[in-house]
Undergrad: 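After the structure tokens below, expect a handful of questions from me.
Position 1 is the first residue of the sequence, and the numbers go up from there. Remember, predicted model here, so these are calculated numbers, not experimental data.
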Amino acid sequence: TASIRDRFRGVNSNVVVINNFPFIEELKNGMTSPGQEKAICYVGAISRHRGAMEIVRALKKTRDVHLYLAGAISDSSLREQMEAEPGWAKVYEMGFIPRRTVAEVLAKSLAGLVIFHPEPNHLSAMPVKMFEYLSAGRPIICSNFDTWEKMLGPYNCALFVDPFNPKEITDAINWVADHPEEALEMGKRGQEMVEKQLNWNCEELKLIDLYKKLSLS
């Protein structure tokens, strides 16, 4: 990320940012319709700082929407607290899943979640899951960080929420469930953004160019 680049520039000015963006075609899968189910998804490491409790609490008042939860839960005490929440009844816990299954989950879902807490390393982060959701043509429900709003806001491909406010998360989930066609259009705009610039096909050119420069130095 740019913030990491700036830290390294204090040591050496020759620093290049290589973003961990997705391959264009890996998760796209020709999606031209809304999610196949009234479902949302979260794919990745599951922890308190990544909004695990707020997500489960938000599910309590969603309107018949369930969550595909893919990834490892960070500790047993967190699992116990999540399972104690009424919203857990709407969770389909999948554990660690292969990439092909990730594509299948995204095809079923109306939107993807990135509800990170405002930790210092999160505020300027570029979570790969965010761009994977978009590459699959799915809008995202994410934390209202300034960095993310400035990056994604102009494309109207995301709903921004207070990560500590389960009601805001609930309202956003209910909105995509109630407006599947509009959510699909949001996802298409995000997908176009990824296809044009936020993908590995662009990033690898920067990496290869760096290798070339280093080999000649």
Undergrad: Please check if Val16 and Ile208 belong to a single hydrophobic cluster, counting links between Ile, Leu, Val, Met, Phe, Trp and Tyr side chain heavy atoms closer than 4.5 Å.
TA: no
Undergrad: Kindly give the heavy-atom pair with the smallest separation between Lys206 and Val17, and that separation in Å.
TA: NZ-O, 2.9 Å
Undergrad: Without swapping roles, check the side chain of Ser135 against the backbone of Gln191 for a donor-acceptor pair under 3.5 Å.
TA: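 Between the backbone of Gln191 and the side chain of Ser135 there is no qualifying donor-acceptor contact (under 3.5 Å).
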Undergrad: Taking all non-hydrogen atoms of both residues, which atom of Ile140 and which atom of Met130 are closest, and how far apart?
TA: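 Smallest heavy-atom distance, with atoms named: CD1-CG, 3.3 Å.
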Undergrad: Contact between Ile46 and Ser74 at the side-chain level, heavy atoms closer than 4.5 Å - yes or no?
TA: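 No, their side chains stay 4.5 Å or more apart.
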Undergrad: First locate atom OG1 of Thr147, then atom CE of Met126, and finally report the distance between them rounded to the nearest 0.5 Å.
TA: 9.0 Å
Undergrad: To check you understand the geometry: which heavy-atom pair defines the closest contact between Val161 and Ile169, and what is its length?
TA: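 Looking at all heavy atoms of both residues, the shortest contact is CG2-CG1, 3.9 Å.
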Undergrad: With clusters defined by side-chain heavy atoms of hydrophobic residues (ILVMFWY) lying less than 4.5 Å apart, directly or transitively, does Ile97 cluster with Ile55?
TA: yes
Undergrad: Just by modelled atom types, is the Ala107 backbone N or O under 3.5 Å from a matching donor or acceptor in the Arg138 side chain?
TA: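 Between the backbone of Ala107 and the side chain of Arg138 there is a qualifying donor-acceptor contact (under 3.5 Å).
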Undergrad: Main chain of Pro139, side chain of Tyr133: is a donor-acceptor contact present, judged purely on distance under 3.5 Å?
TA: no
Undergrad: Can we say Glu195 and Lys188 salt-bridge, meaning some charged N sits less than 4.0 Å from an Asp/Glu carboxylate O?
TA: no
Undergrad: Which atom pairs, one a donor and one an acceptor, fall under 3.5 Å between side chains of residues 79-86 and the rest of the protein, sequence neighbours left out?
TA:
unit_1	atom_1	unit_2	atom_2	d
Arg79	NH1	Glu93	OE1	2.9
Arg79	NH1	Glu93	OE2	3.1
Arg79	NH2	Glu93	OE2	2.6
Gln81	OE1	Arg48	NH1	2.4
Gln81	OE1	Arg48	NH2	3.2
Glu85	OE2	Arg57	NE	3.2

Undergrad: How close do Asn201 and Phe23 get, heavy atom to heavy atom, and via which atoms?
TA: OD1-CA, 4.4 Å
Undergrad: Indicate the atoms forming the closest heavy-atom contact of Leu106 with Ala136, along with that distance.
TA: CD1-CB, 3.6 Å
Undergrad: Answer whether the closest heavy-atom distance between the side chains of Phe116 and Leu123 falls below 4.5 Å.
TA: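 Phe116 vs Leu123: side chains apart.
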Undergrad: Using a strict threshold of under 4.0 Å (side-chain N to carboxylate O), is an ion pair present between Asp171 and Lys167?
TA: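 Looking at Asp171 together with Lys167, the answer is yes, because their closest N to O distance falls below 4.0 Å.
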Undergrad: Below 4.5 Å, heavy atoms only, C-beta onward: do Glu203 and Gln197 meet side chain to side chain?
TA: no
Undergrad: Any donor-acceptor pair under 3.5 Å linking the side chain of Lys90 with the backbone of Thr62?
TA: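 Answer holds: yes.
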Undergrad: Any ring pair (Phe, Tyr, Trp, His ring centres under 6.0 Å) involving residues 75-113? Give me the pairs, sequence neighbours left out, ordered by first then second residue.
TA: His66-Tyr92, Tyr68-Tyr92
Undergrad: Just by distance, do the side chain of Tyr155 and the backbone of Ala158 share a donor-acceptor pair under 3.5 Å?
TA: no
Undergrad: Does a donor on one side chain and an acceptor on the other come within less than 3.5 Å for Ser3 and Ser124?
TA: yes
Undergrad: Show the nearest heavy-atom pair for residues Pro163 and Pro118, with the distance to one decimal.
TA: CG-CD, 4.0 Å
Undergrad: Compare all side-chain heavy atoms of Thr101 with those of Met94 and state whether any distance is below 4.5 angstrom.
TA: yes
Undergrad: Main chain of Tyr42, side chain of Lys129: is a donor-acceptor contact present, judged purely on distance under 3.5 Å?
TA: no
Undergrad: Answer with yes or no whether the hydrophobic clustering places Trp200 together with Met151; edges join I, L, V, M, F, W, Y residues whose side-chain heavy atoms lie under 4.5 Å apart.
TA: no
Undergrad: Between CG of Leu159 and CG of Leu152, what distance do you get to the nearest 0.5 Å?
TA: 11.0 Å
Undergrad: Say you draw a straight line from CD of Glu168 to OG of Ser143; how long is it, rounded to the nearest 0.5 Å?
TA: 10.5 Å
Undergrad: Could you tell me the separation between the SG atom of Cys157 and the CE atom of Met186, rounded to the nearest 0.5 Å?
TA: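 Result: 6.5 Å between the selected atoms.
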Undergrad: Return yes if some donor-acceptor pair links the side-chain N/O of Ser109 with the main-chain N/O of Val105 below 3.5 Å, else return no.
TA: yes
Undergrad: State whether the side chain of Asn199 and the backbone N or O of Val194 hold a donor-acceptor pair below 3.5 Å, judged by distance alone.
TA: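 Indeed, once roles are kept as given, a pair shorter than 3.5 Å links the two residues.
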Undergrad: In Å and rounded to the nearest 0.5 Å, what is the CG to CZ distance from Leu134 to Phe21?
TA: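 Nearest 0.5 Å value for the CG-CZ distance: 10.5 Å.
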Undergrad: Extract all donor-acceptor atom pairs below 3.5 Å that involve side chains of residues 5-15 and protein atoms in other chains or at least two apart in sequence.
TA:
unit_1	atom_1	unit_2	atom_2	d
Asn12	OD1	Asn14	N	2.7

Undergrad: Does anything in residues 170-196 form a ring pair (Phe, Tyr, Trp, His ring centres under 6.0 Å)? List the pairs, not counting sequence neighbours.
TA: Trp175-His179
Undergrad: Do any N or O atoms from the side chain of Asn144 and from the backbone of Phe160 form a donor-acceptor pair under 3.5 angstrom?
TA: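 Side chain of Asn144 to backbone of Phe160, a donor-acceptor pair under 3.5 Å: no, none is there.
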Undergrad: Sequence neighbours left out, what passes salt bridge (Lys or Arg N to Asp or Glu O under 4.0 Å) with Glu192? Give chain and number order.
TA: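 Listed in chain order: Lys196.
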Undergrad: Are the aromatic ring centres of Phe164 and His117 under 6.0 angstrom apart?
TA: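 Yes: the rings meet the under 6.0 Å criterion.
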Undergrad: Give the intermediate values and the outcome of side chain to side chain contact (heavy atoms under 4.5 Å, CB included) for residues Leu59 and Val65.
TA: CA-CA 8 Å; Leu59 290 171; Val65 181; 5.6 Å; no
Undergrad: Given the rule in the side chain to side chain contact (heavy atoms under 4.5 Å, CB included) test, do Glu185 and Glu181 qualify, once you have shown the distances and angles that lead to the verdict?
TA: CA-CA 6 Å; Glu185 290 303 314; Glu181 294 294 339; 5.6 Å; no
Undergrad: Rounded to the nearest 0.5 Å, what's the gap from CG on Leu205 to CG on Leu210? Could you check?
TA: 12.5 Å
Undergrad: Are Leu113 and Ile40 close enough, and set up right, to give a side chain to side chain contact (heavy atoms under 4.5 Å, CB included), and what steps lead you there?
TA: CA-CA 7 Å; Leu113 301 178; Ile40 52 171; 3.7 Å; yes
Undergrad: Please identify each residue that fulfils salt bridge (Lys or Arg N to Asp or Glu O under 4.0 Å) with Lys61, with sequence neighbours left out.
TA: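 Not a single residue meets the salt bridge (Lys or Arg N to Asp or Glu O under 4.0 Å) criterion with Lys61.
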Undergrad: Could you go through Arg63 and Asp178, starting from their C-alpha distance and side-chain angles, then the distance that decides it, and tell me whether this counts as side chain to side chain contact (heavy atoms under 4.5 Å, CB included)?
TA: CA-CA 9 Å; Arg63 292 190 281 274; Asp178 293 341; 2.3 Å; yes
Undergrad: Under 3.5 Å, side chain of Thr170 to main-chain N/O of Ala58, donor-acceptor pair present?
TA: yes
